[in-house]
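What follows is a single structure, written as structure tokens, with notes after it.
Read the numbers this way: they start at 1 and go in the same order the structure lists the ligands and their atoms. Sequence positions, counted from 1, serve as the residue numbers for this chain.
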Amino acid sequence: MTSPIAVKSADQPRHDPSRPLLAIDEPPPYAVFNPDGSSPILLLCEHASNRIPRALGDMGLPHHERQRHIAWDIGALALARHLSLSLDAPLFFTNYSRLIVDCNRPLSAPSFIPEVSETTEIPANRDLSDTERAQRIDTLFRPYAEVVARRLDLLEAEGKRPFVVGVHSFTPVYFGRQRPWHAGILYGNAIEFAQSLIRGLSDERELTIGDNEPYSIHPDEDYTVPVHADARKLPGVLLEVRHDLIDTATGVAAWGERLTHHLKSTIGAAAW
Ligand SMILES: [Zn+2]
């Protein structure tokens, strides 16, 4: 009798990709919050969760690694939900960790299924077979990418031009270096939209706001802005907030109100 678990190395049991990646009692790959929201903003949150499908066990990672920023954007989903309610905007978010597939990366990016994240090796991502990789894409990446694309197709078919806004958080210290920003606005082609947000936030004197910092958008490294916004000629940005500022309910409420104010004043009376 063969074991359902293929053993890749002495200490790393591997999921058998002939079996489903998600069990029937596990959450679907993505969820939608406030789906009928009336705002011209479409909110997206790709790094919302650090959940790992049971089939992948702990991915070979100790508990503390699965809790830190390499697995998810701490506070981002709470902030995105706040914005969804305060702006009355639909929100699409993923239910699984970016360590399995990163839904904000193109399939060709090495970080799409990272073998190393920051300085942490991800044992369950080492030497993936084509079948294992395809299963992750089909189970987790494609359903999310497609539901967002379908929503945008529908809005555009109605003659609407939504603002695509991704909600993210970043770690205060990366590769041992302290980052100076409280938040950043990342963008590709949507220069006017992004600069208006940066100006508004920077008017708050106590804030240091990154302009395409702490990351910049590149089609080889990003998915949401290049594909869902720039390729459709829709205005699209990512909001990045330092995660220690939104890891409490008080912080989420404060940044939620701040970003609501600046998004509303930037978009102004933009009507459908
Ligand atoms: Zn992120």
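Arg179 forms a cation-pi arrangement with Tyr174, by the criterion of a distance under 6.0 Å to the ring centre and an angle within 45° of the ring axis. Geometric assessment of Arg81 against the ring of Phe33 yields a positive cation-pi assignment under the 6.0 Å and 45° thresholds.
No more than 12 heavy atoms of other residues, nucleotides or ligands lie within 6.0 Å of CD in Glu121, so this atom counts as exposed by the packing criterion.
The closest donor-acceptor contact from the side chain of Asn125 to the backbone of Leu99 lies under 3.5 Å.
With respect to the Zn ion (ligand 1), Asp73 has OD2 as its nearest N, O or S atom. Looking only at N/O/S atoms, His168 comes nearest to the Zn ion (ligand 1) through ND1. Within His47, the N, O or S atom at minimum distance from the Zn ion (ligand 1) carries the name ND1.
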